[in-house]
Amino acid sequence: RALRSSEQGVSSFTSKMQAAGTRMRSVGRSMTVGLTLPLVGLGVLAARELQAAQQAMGQTRGVIESMGIAGQVTADQIADLASEMHEISGLDDEGLQTMLNTLLTFRNVVPIIEDAGEAAHNMAAFFGGDMQTAAVQVGRALNNPLRGLAALTRKGVEFTESQRVAVEQMMAFGNVAGAQQIILQE
(Lines give C-alpha, C1' and ligand atoms only; values in the text may rest on other atoms or scores of the structure.)
Protein backbone atom coordinates (compact mmCIF):
# COMPACT_ATOMS: atom_id res chain seq x y z
CA ARG A 1 0.00 0.00 0.00
CA ALA A 2 2.83 2.44 0.75
CA LEU A 3 4.37 1.60 -2.61
CA ARG A 4 1.11 2.18 -4.45
CA SER A 5 0.59 5.48 -2.61
CA SER A 6 4.14 6.44 -3.48
CA GLU A 7 3.62 5.54 -7.17
CA GLN A 8 0.41 7.55 -7.24
CA GLY A 9 2.24 10.50 -5.68
CA VAL A 10 5.02 10.26 -8.27
CA SER A 11 2.47 9.91 -11.07
CA SER A 12 0.51 12.89 -9.78
CA PHE A 13 3.70 14.90 -9.40
CA THR A 14 4.80 13.96 -12.95
CA SER A 15 1.41 14.97 -14.37
CA LYS A 16 1.56 18.28 -12.56
CA MET A 17 5.11 18.91 -13.78
CA GLN A 18 4.14 18.09 -17.38
CA ALA A 19 1.18 20.44 -17.13
CA ALA A 20 3.45 23.15 -15.70
CA GLY A 21 5.93 22.56 -18.54
CA THR A 22 3.14 22.91 -21.09
CA ARG A 23 2.04 26.17 -19.47
CA MET A 24 5.65 27.40 -19.40
CA ARG A 25 6.04 26.69 -23.14
CA SER A 26 2.82 28.59 -23.77
CA VAL A 27 4.11 31.52 -21.71
CA GLY A 28 7.41 31.35 -23.59
CA ARG A 29 5.63 31.53 -26.95
CA SER A 30 3.55 34.45 -25.73
CA MET A 31 6.69 36.24 -24.57
CA THR A 32 8.32 35.65 -27.93
CA VAL A 33 5.36 37.13 -29.76
CA GLY A 34 4.59 39.83 -27.21
CA LEU A 35 8.08 40.86 -26.18
CA THR A 36 10.86 39.53 -28.36
CA LEU A 37 9.35 40.34 -31.74
CA PRO A 38 8.60 43.97 -30.82
CA LEU A 39 12.14 44.34 -29.47
CA VAL A 40 13.53 43.02 -32.74
CA GLY A 41 11.26 45.46 -34.58
CA LEU A 42 12.56 48.34 -32.48
CA GLY A 43 16.10 47.27 -33.24
CA VAL A 44 15.40 47.29 -36.98
CA LEU A 45 13.74 50.70 -36.71
CA ALA A 46 16.69 52.08 -34.73
CA ALA A 47 19.11 50.74 -37.33
CA ARG A 48 17.14 52.46 -40.10
CA GLU A 49 17.08 55.73 -38.16
CA LEU A 50 20.82 55.52 -37.61
CA GLN A 51 21.39 54.86 -41.30
CA ALA A 52 19.20 57.85 -42.25
CA ALA A 53 21.06 60.09 -39.79
CA GLN A 54 24.42 58.95 -41.14
CA GLN A 55 23.25 59.55 -44.70
CA ALA A 56 22.03 63.08 -43.85
CA MET A 57 25.32 63.82 -42.08
CA GLY A 58 27.27 62.56 -45.09
CA GLN A 59 25.23 64.82 -47.36
CA THR A 60 25.89 67.77 -45.06
CA ARG A 61 29.63 67.12 -45.09
CA GLY A 62 29.52 66.80 -48.87
CA VAL A 63 27.68 70.10 -49.32
CA ILE A 64 30.04 71.91 -46.96
CA GLU A 65 33.07 70.53 -48.77
CA SER A 66 31.75 71.14 -52.30
CA MET A 67 30.67 74.70 -51.46
CA GLY A 68 33.99 75.46 -49.75
CA ILE A 69 32.30 76.76 -46.59
CA ALA A 70 34.08 74.61 -44.01
CA GLY A 71 35.38 77.70 -42.23
CA GLN A 72 31.88 79.11 -41.85
CA VAL A 73 29.81 76.16 -40.67
CA THR A 74 30.29 72.54 -39.59
CA ALA A 75 28.21 69.45 -40.23
CA ASP A 76 27.69 69.10 -36.48
CA GLN A 77 26.27 72.63 -36.29
CA ILE A 78 23.79 71.83 -39.06
CA ALA A 79 22.82 68.53 -37.40
CA ASP A 80 22.32 70.35 -34.08
CA LEU A 81 20.19 73.00 -35.78
CA ALA A 82 18.07 70.28 -37.42
CA SER A 83 17.64 68.59 -34.03
CA GLU A 84 16.56 71.88 -32.42
CA MET A 85 14.04 72.45 -35.21
CA HIS A 86 12.84 68.86 -34.76
CA GLU A 87 12.25 69.45 -31.04
CA ILE A 88 10.12 72.50 -31.82
CA SER A 89 8.19 71.21 -34.83
CA GLY A 90 8.22 67.44 -34.40
CA LEU A 91 9.20 67.07 -38.05
CA ASP A 92 11.73 64.49 -39.18
CA ASP A 93 15.19 65.77 -38.24
CA GLU A 94 16.85 64.14 -41.26
CA GLY A 95 14.33 65.92 -43.50
CA LEU A 96 15.08 69.17 -41.72
CA GLN A 97 18.81 68.56 -42.14
CA THR A 98 18.31 67.92 -45.86
CA MET A 99 16.39 71.22 -46.09
CA LEU A 100 19.28 72.99 -44.35
CA ASN A 101 21.71 71.30 -46.76
CA THR A 102 19.76 72.79 -49.64
CA LEU A 103 20.00 76.24 -48.07
CA LEU A 104 23.77 75.82 -47.69
CA THR A 105 24.08 75.70 -51.48
CA PHE A 106 23.21 79.42 -51.58
CA ARG A 107 26.41 81.23 -50.61
CA ASN A 108 24.77 84.39 -49.25
CA VAL A 109 22.56 82.28 -46.98
CA VAL A 110 25.32 80.51 -45.06
CA PRO A 111 25.84 83.34 -42.51
CA ILE A 112 22.12 83.40 -41.70
CA ILE A 113 21.42 79.66 -41.97
CA GLU A 114 19.39 79.54 -38.75
CA ASP A 115 17.03 82.33 -39.83
CA ALA A 116 16.84 80.95 -43.37
CA GLY A 117 16.00 77.48 -42.06
CA GLU A 118 13.23 78.87 -39.88
CA ALA A 119 11.88 80.90 -42.80
CA ALA A 120 11.86 77.88 -45.13
CA HIS A 121 10.19 75.73 -42.48
CA ASN A 122 7.54 78.40 -41.83
CA MET A 123 6.95 78.96 -45.53
CA ALA A 124 6.40 75.23 -46.13
CA ALA A 125 3.98 75.10 -43.22
CA PHE A 126 2.07 78.25 -44.20
CA PHE A 127 1.77 77.54 -47.92
CA GLY A 128 1.38 73.79 -47.51
CA GLY A 129 4.40 72.90 -49.60
CA ASP A 130 7.32 70.63 -48.94
CA MET A 131 10.44 71.79 -47.12
CA GLN A 132 12.77 71.26 -50.09
CA THR A 133 10.76 73.52 -52.39
CA ALA A 134 10.50 76.13 -49.64
CA ALA A 135 14.26 75.89 -49.03
CA VAL A 136 14.96 76.57 -52.71
CA GLN A 137 12.56 79.52 -52.78
CA VAL A 138 13.91 81.04 -49.57
CA GLY A 139 17.50 80.33 -50.63
CA ARG A 140 17.02 82.08 -53.95
CA ALA A 141 15.26 85.02 -52.32
CA LEU A 142 18.00 85.51 -49.76
CA ASN A 143 20.84 84.85 -52.17
CA ASN A 144 19.64 87.67 -54.43
CA PRO A 145 17.19 89.82 -52.47
CA LEU A 146 16.14 91.98 -55.45
CA ARG A 147 15.00 89.04 -57.55
CA GLY A 148 13.89 87.16 -54.43
CA LEU A 149 11.52 89.92 -53.44
CA ALA A 150 9.70 89.62 -56.76
CA ALA A 151 9.65 85.80 -56.64
CA LEU A 152 8.26 85.72 -53.10
CA THR A 153 5.62 88.29 -54.05
CA ARG A 154 4.48 86.00 -56.89
CA LYS A 155 4.35 83.15 -54.35
CA GLY A 156 1.99 85.15 -52.16
CA VAL A 157 4.31 86.81 -49.65
CA GLU A 158 3.32 90.45 -49.27
CA PHE A 159 5.83 93.27 -48.96
CA THR A 160 5.03 96.94 -48.47
CA GLU A 161 6.24 99.58 -50.89
CA SER A 162 8.63 100.91 -48.24
CA GLN A 163 10.09 97.41 -47.81
CA ARG A 164 10.60 97.14 -51.57
CA VAL A 165 12.31 100.51 -51.72
CA ALA A 166 14.48 99.65 -48.72
CA VAL A 167 15.63 96.39 -50.32
CA GLU A 168 16.46 98.19 -53.57
CA GLN A 169 18.44 100.88 -51.74
CA MET A 170 20.29 98.38 -49.56
CA MET A 171 21.24 96.30 -52.57
CA ALA A 172 22.38 99.45 -54.44
CA PHE A 173 24.82 100.06 -51.58
CA GLY A 174 25.84 96.39 -51.30
CA ASN A 175 24.04 95.81 -48.02
CA VAL A 176 22.92 92.25 -48.76
CA ALA A 177 22.52 91.40 -45.05
CA GLY A 178 20.17 94.33 -44.50
CA ALA A 179 18.06 93.38 -47.52
CA GLN A 180 17.96 89.78 -46.32
CA GLN A 181 16.65 90.89 -42.92
CA ILE A 182 13.74 92.70 -44.54
CA ILE A 183 12.83 89.55 -46.46
CA LEU A 184 13.19 87.41 -43.35
CA GLN A 185 10.83 89.69 -41.43
CA GLU A 186 8.02 88.65 -43.73
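The CD atom of Gln59 lies 10.0 Å from the CD atom of Glu94; values are rounded to the nearest 0.5 Å. To the nearest 0.5 Å, atoms CE (Met171) and CD (Gln180) are separated by 8.0 Å. For the atom pair CD1 (Ile64) and OG1 (Thr74), the distance works out to 6.0 Å, reported to the nearest 0.5 Å. Leu81 contributes atom CG, which lies 8.5 Å from atom CG of Leu96 (distance to the nearest 0.5 angstrom). Interatomic distance, CD1 of Ile113 versus CD of Gln77, reported as 10.5 Å (0.5 Å rounding).
Contact record, Ala120 with Met99: CB-SD, 3.7 Å, taken as the closest heavy-atom pair. Taking every heavy atom of both residues into account, Gly178 and Met170 meet most closely at C-SD, 3.1 Å. Residues Ala119 and Leu184 approach most closely at CB-CD2, 3.7 Å, considering heavy atoms. Of all the heavy atoms in Leu152 and Met123, the pair that sits closest is CD2-CE, 3.7 Å. The two residues Arg61 and Ala75 come nearest to each other via the heavy atoms CG-CB, 3.6 Å. The two residues Ile183 and Phe159 have their closest heavy-atom pair at CA-CE2, 3.9 Å.
Side-chain heavy atoms closer than 4.5 Å link hydrophobic residues (I, L, V, M, F, W, Y) into clusters, and following such links, possibly through other members, connects Phe126 to Met131.
Identified under the salt bridge (charged side-chain N to carboxylate O under 4.0 Å, His left out) test for residues 152-181, with sequence neighbours left out: Glu161-Arg164. Applying the salt bridge (charged side-chain N to carboxylate O under 4.0 Å, His left out) test to every pair with at least one member in residues 97-124, sequence neighbours left out, gives no pairs at all.
Side-chain atoms of Gln72 do not come within 3.5 Å of backbone N or O of Ile69 as any donor-acceptor pair.
For Ser83, there are no side chain to side chain donor-acceptor pair (under 3.5 Å) partners at least two apart in sequence or on another chain. Residues passing the side chain to side chain donor-acceptor pair (under 3.5 Å) test with Gln132 are Thr102, sequence neighbours excluded. Partners of Glu186 by side chain to side chain donor-acceptor pair (under 3.5 Å), not counting sequence neighbours, listed by chain and number: Gln163.
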Go through Gln97 and His86 one step at a time and tell me if the side chain to side chain contact (heavy atoms under 4.5 Å, CB included) criterion holds. CA-CA 9 Å; Gln97 188 166 346; His86 165 74; over 6 Å; no
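Residues Thr98 and Asn101 have side chains that never bring a donor and an acceptor to within less than 3.5 angstrom of each other.
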For residues 136-149, dump all side-chain donor-acceptor pairs below 3.5 Å to protein atoms at least two apart in sequence or in another chain.
from   : atom 1 : to     : atom 2 : distance (Å)
Asn143 : OD1    : Asn108 : N      : 3.0
Asn144 : OD1    : Leu146 : N      : 3.4
Asn144 : OD1    : Arg147 : N      : 3.4

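Between Leu100 and Met85 there is a side-chain heavy-atom pair separated by less than 4.5 Å.
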